[in-house]
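Proteins get letters first, then strands, A, B, ... in listed order; numbering begins at 1 in each.
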2 protein chains.
Amino acid sequence: MKAQALHGHLDALLLAVLEQGALHGYAIIEALRARSDGNLDLPTGTIYPALRRLERAGHVASTWSTVSGRERRTYQLTDSGRRALAGERAGWREFQLTVGRFLDPGNPPTPA
Amino acid sequence: MKAQALHGHLDALLLAVLEQGALHGYAIIEALRARSDGNLDLPTGTIYPALRRLERAGHVASTWSTVSGRERRTYQLTDSGRRALAGERAGWREFQLTVGRFLDPGNPPTPA
DNA sequence: TTCGACAAGTAGCGTAGCTACGCATGAAGG
DNA sequence: CCTTCATGCGTAGCTACGCTACTTGTCGAA
């Protein structure tokens, strides 16, 4: 998976994994890796800033907890985040269709 | 169409439009707009540097011509470009599947 | 003669993901 | 006991790359 391909879609992915339930940062990374069969193995330097961006935007809320001596920041989707996710899904659909018109096979530009 | 969503996919789109035949820069912009129903309306500041990148990479070759007093730089796909396009198509398919696993509807993370 | 479509191009900006770190705890293994 | 590794959070700086805003020039139409 080319790295920079994610540009602009990461927020949507994060919101999508949090849709199933609250997770802490490290667990989000693992969830992305698991659900993508290892295709998405994102470094912390990508995830943590992105989560803070989403929190600033009000799409997620975080709460600290201590689990067996380790500090965890758990993120959960807000209502705003749920709405944003719906918008991201629509945007993804449009993007997919638009780019697919050029890159998907069986899309002849000038049909016979 | 969100602007930054294109990141990393523009080269593939350019190669795809040139697959049908050689075009000059301005015509490429129009082809993208036409084939995407207006969703892709890219400024010259995006296209021209991208074409030069592709030419440096050897994926396209350009030739100058003068048409009714206007200078045109016409780009055509090279063999290397054709191979690159095949790779981009494969990459797009993988990207589409991976992201779709999170954002497409009807993809329950924990199937009942 | 002025304005808009055509045609090419560059300089500089901003976004955002990545690399490479640092810090801390707990479990496992030698 | 001590090292190593997985867990867990975080930031600073880099870089890629598309975008904004601009310039130059021809040609046709109003």
Side-chain angles (χ1 to χ4, degrees), chain A residues 1-15 22-34 36 39-57 59-60 62-75 84 88 91 95 98-99, chain B residues 1-15 17 22-34 36 39-57 59-60 62-75 88 91 95 98-99:
Chain A
M1 174 81 76
K2 288 227 307 266
Q4 73 276 29
L6 253 311
H7 257 272
H9 303 285
L10 177 61
D11 290 9
L13 293 179
L14 292 177
L15 295 174
L23 290 174
H24 61 278
Y26 199 85
I28 291 174
I29 294 175
E30 292 185 316
L32 285 166
R33 185 168 44 222
S36 68
N39 275 313
L40 292 172
D41 197 356
L42 304 180
T44 67
T46 292
I47 298 300
Y48 291 123
L51 286 169
R52 308 187 109 254
R53 229 190 312 140
L54 288 174
E55 189 168 26
R56 265 202 315 275
H59 296 330
V60 302
S62 70
T63 50
W64 282 100
S65 58
T66 305
V67 177
S68 66
R70 287 195 187 110
E71 295 290 302
R72 280 184 180 173
R73 175 124 91 161
T74 302
Y75 294 89
E88 295 279 4
F95 174 75
T98 302
V99 177
Chain B
M1 174 81 77
K2 288 226 307 267
Q4 72 276 29
L6 252 312
H7 257 271
H9 303 284
L10 177 61
D11 290 8
L13 293 178
L14 293 177
L15 295 174
V17 291
L23 290 174
H24 61 278
Y26 199 87
I28 290 174
I29 294 175
E30 292 185 316
L32 285 166
R33 185 168 44 224
S36 67
N39 276 312
L40 292 173
D41 197 357
L42 304 180
T44 67
T46 292
I47 298 300
Y48 291 122
L51 286 170
R52 310 186 108 254
R53 227 188 314 139
L54 288 173
E55 189 168 26
R56 265 203 314 276
H59 296 331
V60 302
S62 69
T63 50
W64 282 99
S65 58
T66 304
V67 178
S68 65
R70 288 195 187 109
E71 295 291 302
R72 282 184 178 171
R73 175 125 89 161
T74 302
Y75 294 89
E88 296 279 4
F95 173 75
T98 302
V99 177

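Comparing atom distances between the Tyr26(A) side chain and each of dC19(D), dT11(D), dC9(D) picks out dC9(D) as nearest. Looking at the side chain of His7(A), the nearest of the listed nucleotides dG18(D), dG10(D), dA16(C) is dA16(C). Of the candidates dA20(C), dA8(C), dT20(D), the closest approach to any side-chain atom of Thr44(A) belongs to dA20(C). Of the candidates dC9(D), dC19(D), dA21(D), the closest approach to any side-chain atom of Tyr48(A) belongs to dC9(D). When distances are taken from the side chain of Arg53(A) to each of dG9(C), dA16(C), dA20(C), the shortest belongs to dA16(C).
Looking only at side-chain heavy atoms (C-beta outward), Val60(A) and Leu14(A) stay at 4.5 Å or farther from each other. Inter-residue side-chain proximity for Glu55(B) and Arg73(B) is flagged as met; some heavy-atom pair is nearer than 4.5 Å. Side-chain contact between Leu6(A) and Thr46(A): absent, with no pair of heavy atoms (C-beta onward) separated by less than 4.5 Å. Counting heavy atoms from C-beta on, the side chains of Leu51(B) and Ile28(B) come closer than 4.5 Å.
Atom CD1 of Ile29(B) and atom C1' of dT20(D) are 14 Å apart (whole Å). Going from atom CG of Leu6(A) over to atom C1' of dA16(C) covers 11 Å, rounded to whole Å. Spacing between atom CG of Leu42(B) and atom P of dA8(C) amounts to 15 Å, rounded to whole angstrom units. In this structure, CD1 of Ile28(A) is placed 12 Å from P of dG8(D), rounded to the nearest angstrom. The distance from atom CZ of Arg52(B) to atom C1' of dA16(D) is 18 Å, rounded to the nearest whole Å. In this entry the distance linking NE2 of His9(B) with P of dG17(C) reads 12 Å, nearest Å. Distance Glu55(B) CD to dA8(C) P: 13 Å, rounded to the nearest Å. Atom CH2 of Trp64(B) is separated from atom C1' of dT26(D) by 14 Å (rounded to the nearest Å).
Minimum interatomic distance between Thr44(B) and Pro49(B) (heavy atoms only, all atoms of both residues): O-CD, 3.6 Å. Nearest heavy atom pair, residue Thr98(A) against residue Ser36(B), reads CG2-CB, 3.7 Å.
One finds a side-chain N or O of His24(A) lying less than 4.0 angstrom from the OP1 or OP2 phosphate oxygen of dG8(D).
In this structure, Gly45(A) reaches the bases: a heavy-atom distance under 4.0 Å links it to at least one base atom across the strands shown.
Between His9(B) and Phe95(B), the ring planes are tilted. Angles from 30° to 60° get that label.
Within residues 65-73 of chain B, the residues approaching DNA chain D are Ser68(B), Gly69(B), Arg70(B), by heavy-atom distance under 4.0 Å.
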